[in-house]
Amino acid sequence: MNFVEELKWRGMIHDFMPGTGEQLQKEMTTAYVGIDPTADSLHIGHLVSIMMLKHLQRAGHKPIALVGGATGMIGDPSGKSEERNLLSEEELRHNEQSIKRQLLKFLDFDAGPNSAEIVNNYDWISGFSFLGFLREVGKHLTVSYMIAKDSVKNRLETGLSFTEFTYQLVQAYDYLYLYRNKNCKLQMGGSDQWGNITTGAELIRRKTGGEVYALTCPLITKADGTKFGKTERGNVWLDSRYTSPYHFYQFWLNCSDEDTERYIKIFTLFSKEEIDALIAEHKEAPHRRALQKALAEDITIRVHGKEAYDTVVEASGILFGQSTAEALHKLPEDVFLAVFDGVPLFEVGHGEVEQGIEMVDFLSEKTQVAKSKGEARRMLKEGSISINKTRVSDTDKVDANQLIAGRYLVVQRGKKNHYLVRVKSG
RNA sequence: GGGGGGGUUCCAGAGCGGUCAAAUGGGGCAGACUGUAAAUCUGUUGGCUUCGCCUUCGGAGGUUCGAAUCCUUCCCCCCCCA
């Protein structure tokens with residue numbers, strides 16, 4: 001199966017320029033996607049582009065990940081309703097290094113002629129003089145052409161700085177640069193990048209007469225219409241400092257049936273047959289959630305490794321399974337701590353627990369499970385708080401008898417929110 | 001420059017002298033059902049020393065026993081005619 005067919009059945013094609021498929025059939029082709037280093041970690045939204053590169057490489061072509069050290073200093077207006085803040089050069093350099101490290105997990109950088117590469121457009125844009133840019137790039141595209149782009153058109157009313165207006169030219173130049181220096185003939189990206197990519201193709205055609213191509217994938221959506229990749233905690237990051245492996249795994253495990261059927265095609269490398277089998281299996285016994293588990297397993301292992309995955313599955317079993325207070329008490333301390341790694345932790349004084357703490361105070365003042373006493377009371381009234389797997393009410397107290405391993409309490413709010421409370425000695 | 005309409009609790013949007021911590025909808029959170037899904041139903045959604053008190057209705061003053069509601073002034077939005 002060739003690259004375009006592969007992406008097609010996976011639902012990863014939104015649009016491509018005529019001739020794209022033919023080019024890929026003709027010869028080993030170099031293609032790139034751009035990633036703006038706006039943070040020092042990728043999040044799962046970036047994963048789609050990365051998977052496109054992965055499939056490209058598997059099809060025998062050469063992937064380039066372009067870290068936008070220069071473009072990140074400008075800000076892409078595509079899909080943005082407001083002018084962006086500029087990042088400092090120092091921040092960008094740091095972000096870029098971190099992102100590079102993450103990319104190493106996904107692409108093969110030692111695959112002979114089609115080894116993956118990482119480039120940074122800062123390297124060729126930063127030295128460009130303003131006059132040089134105007135003569136080299138600006139001269140070849142008209143304002144009317146630039147204004148016709150949706151990314152610009154949508155912002156003309158609300159406001160768009162000259163800087164953001166110029167963004168598409170900078171990105172276009174990247175494409176030209178890679179075409180000339182790396183023989184790169186395909187640029188890929190999310191569907192919001194279509195305008196920027198075609199500007200690049202146009203620039204290349206006018207300056208060199210060369211023919212290059214574009215391929216975009218649809219924006220990932222959720223069936224309920226909310227934004228993909230966000231939880232109440234914010235973005236789902238690949239870096240465990242921002243999203244613990246536990247939450248990362250839980251994110252995928254909690255996807256709805258409908259979404260998972262689409263996601264598993266996009267975010268895993270399972271074959272069509274394997275995925276069809278999983279979907280059939282899931283339809284057979286939906287409550288087992290074979291599909292979500294397969295997706296979560298595959299992607300968690302690739303991002304965080306097998307060991308982290310095993311721990312996280314064990315943790316999930318304990319946190320959501322039928323386990324009881326006794327089961328918690330029986331866990332060896334090291335397993336216990338591994339299970340609760342990444343779960344919010346609060347500390348209370350030993351003396352306070354000895355004396356017993358009113359439940360409302362415990363939830364709101366001693367810990368931040370509830371934002372206020374009022375909220376703590378409401379939660380207790382609603383019956384949503386459990387301690388060590390046992391539901392509690394506002395008349396209960398927290399005392400030393402409940403401690404696990406002599407110094408821990410497991411607090412649960414609703415089904416999904418867990419907190420660990422540790423008793424400070426002294 | 002002229003005329004008009006607004007700024008209300010997370011959002012949208014009622015209220016227009018007391019019964020307003022403020023209708024209704026959305027969102028959030030929780031409960032039931034279930035599969036740690038979706039849909040549905042239910043509860044809840046300013047704070048506290050909680051049968052009461054305190055802080056909220058763009059800012060600052062004022063009228064009144066009493067104001068989100070009336071007056072003055074300031075700030076900010078939007079629309080229409082030039």
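Throughout, a chain's letter reflects where its sequence line sits, starting with A, and its residues are numbered from 1.
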Exercise. Lys283(A) NZ to A38(B) C1': how many Å, rounded?
Worked result: 14 Å
For this session: Figure out the CG/P separation between Leu291(A) and U36(B), and round it to whole Å.
Result: 16 Å
For this session: Run through His94(A), Gln102(A), Arg101(A) and flag the one making a side chain to side chain donor-acceptor pair (under 3.5 Å) with Asp40(A).
Result: His94(A)
For this session: For C71(B) versus G4(B), give the span between their P atoms, rounded off to a whole number of Å.
Result: 15 Å
Exercise. Between A30(B) atom C1' and Lys415(A) atom NZ, what is the distance in whole Å?
Worked result: 10 Å
Exercise. Given that both distances must come in under 3.5 Å, which nucleotide forms a Watson-Crick or G-U wobble pair with C57(B)?
Worked result: none
Exercise. Quick one: the side chain of Gln292(A) and the base of U36(B), do they pair up donor-acceptor inside 3.5 Å?
Worked result: no
For this session: Could you give the distance separating A67(B) and A12(B) at their C1' atoms, to the nearest angstrom?
Result: 25 Å
For this session: Quickly work out the Arg289(A) CZ to A38(B) P distance and round it to whole Å.
Result: 10 Å
For this session: If the plane angle is over 60° it's perpendicular, under 30° parallel, otherwise tilted; pick one for Phe267(A) and Tyr263(A).
Result: perpendicular
Exercise. Please give, in whole Å, the distance from A37(B) C1' to Arg262(A) CZ?
Worked result: 14 Å
For this session: Would you indicate which nucleotide in G35(B), G31(B), U36(B) comes nearest to any side-chain atom of Ser384(A)?
Result: G31(B)
For this session: Determine the interatomic distance between C1' on U49(B) and the same-named atom on C54(B); round to the nearest Å.
Result: 11 Å
Problem set entry | Among A38(B), G35(B), A32(B), the one nearest His287(A) by side-chain distance | G35(B)
For this session: Taking atom P in both U9(B) and C57(B), compute the distance separating them and give it to the nearest angstrom.
Result: 9 Å
Exercise. Nearest nucleotide by nearest heavy atom, which residue falls closer to the 5' end of RNA chain B, Met379(A) or His282(A)?
Worked result: Met379(A)
Exercise. Are any of Asn417(A)'s side-chain N or O atoms less than 4.0 Å away from OP1 or OP2 of C29(B)?
Worked result: no
For this session: Can you tell me, in whole Å, how much space there is between the P of G6(B) and that of G15(B)?
Result: 10 Å
Problem set entry | Whole-angstrom distance between G26(B) and C76(B), as gauged at atom P | 36 Å
Exercise. When rounded to the nearest 0.5 angstrom, what distance separates OG1 in Thr199(A) from CH2 in Trp194(A)?
Worked result: 11.5 Å
Exercise. Does a side chain donor of either Glu96(A) or Asn120(A) reach within less than 3.5 Å of an acceptor in the other side chain?
Worked result: yes
Problem set entry | Name of the residue among Arg377(A), Lys373(A), Arg378(A) meeting salt bridge (charged side-chain N to carboxylate O under 4.0 Å, His left out) with Glu375(A) | Arg378(A)
Problem set entry | Gap separating the NE2 atom of His350(A) from the CD atom of Gln355(A), nearest 0.5 angstrom | 10.5 Å
For nucleotides 40-47 of chain B, tabulate all protein N/O to nucleotide N/O atom pairs closer than 3.5 Å, reporting atom names and distance.
from, atom 1, to, atom 2, distance (Å)
G43(B), N2, Glu382(A), OE2, 2.7
U44(B), O2', Arg378(A), NE, 3.0
U44(B), O2', Arg378(A), NH1, 3.4
G47(B), OP1, Ser372(A), OG, 2.9

For this session: Hey, can you tell me if Phe340(A) and Phe336(A) have their rings parallel, tilted or perpendicular (30° and 60° cut-offs)?
Result: tilted
For this session: May I have the distance from Leu295(A) (atom CG) to A37(B) (atom P), rounded to whole angstrom?
Result: 16 Å
Using distance only, find each side-chain donor-acceptor pair of residues 277-289 of chain A under 3.5 Å and give its atom names and separation, not counting sequence neighbours.
from, atom 1, to, atom 2, distance (Å)
His282(A), NE2, Gln292(A), OE1, 3.4
Lys283(A), NZ, Glu261(A), OE2, 3.4
Arg289(A), NH1, Leu253(A), O, 3.4

Exercise. Do any side-chain nitrogens or oxygens of Arg377(A) fall under 4.0 Å of OP1 or OP2 in U49(B)?
Worked result: yes
For this session: Just name whichever nucleotide pairs with A67(B), Watson-Crick or G-U, keeping both distances under 3.5 Å, else none.
Result: none
Exercise. Hey, does Gln250(A) reach any base, or is it just sugar-phosphate, or nothing, if we go heavy atoms under 4.0 Å?
Worked result: base
For this session: Answer with base, sugar-phosphate or nothing: what part of the nucleic acid does Arg288(A) contact at a heavy-atom distance below 4.0 Å?
Result: nothing
Exercise. Using a cut-off of 4.0 Å on non-hydrogen atoms, how would the nucleic acid contact of Thr260(A) be classed: base, sugar-phosphate, or nothing?
Worked result: nothing
Problem set entry | Residue Gln97(A) excluded, over 12 heavy atoms near CD under 6.0 Å | yes
For this session: With P as the reference atom in both, quote the distance from G47(B) to A23(B) in angstrom, rounded to an integer.
Result: 15 Å
Exercise. When the distance from CG of Leu363(A) to P of C29(B) is rounded to whole Å, what number comes out?
Worked result: 18 Å
Problem set entry | Distance in angstrom units between Phe320(A) CZ and A37(B) C1', rounded | 13 Å
For this session: Find the partner of G25(B): check Watson-Crick (N1-N3 plus N6-O4 or O6-N4) and G-U wobble (N1-O2, O6-N3) distances, both under 3.5 Å, and reply none if neither fits.
Result: C11(B)
Problem set entry | P-based separation of U73(B) from C79(B) [nearest Å] | 26 Å
Problem set entry | Partner nucleotide, any strand, of U40(B) [Watson-Crick/G-U, under 3.5 Å] | A32(B)
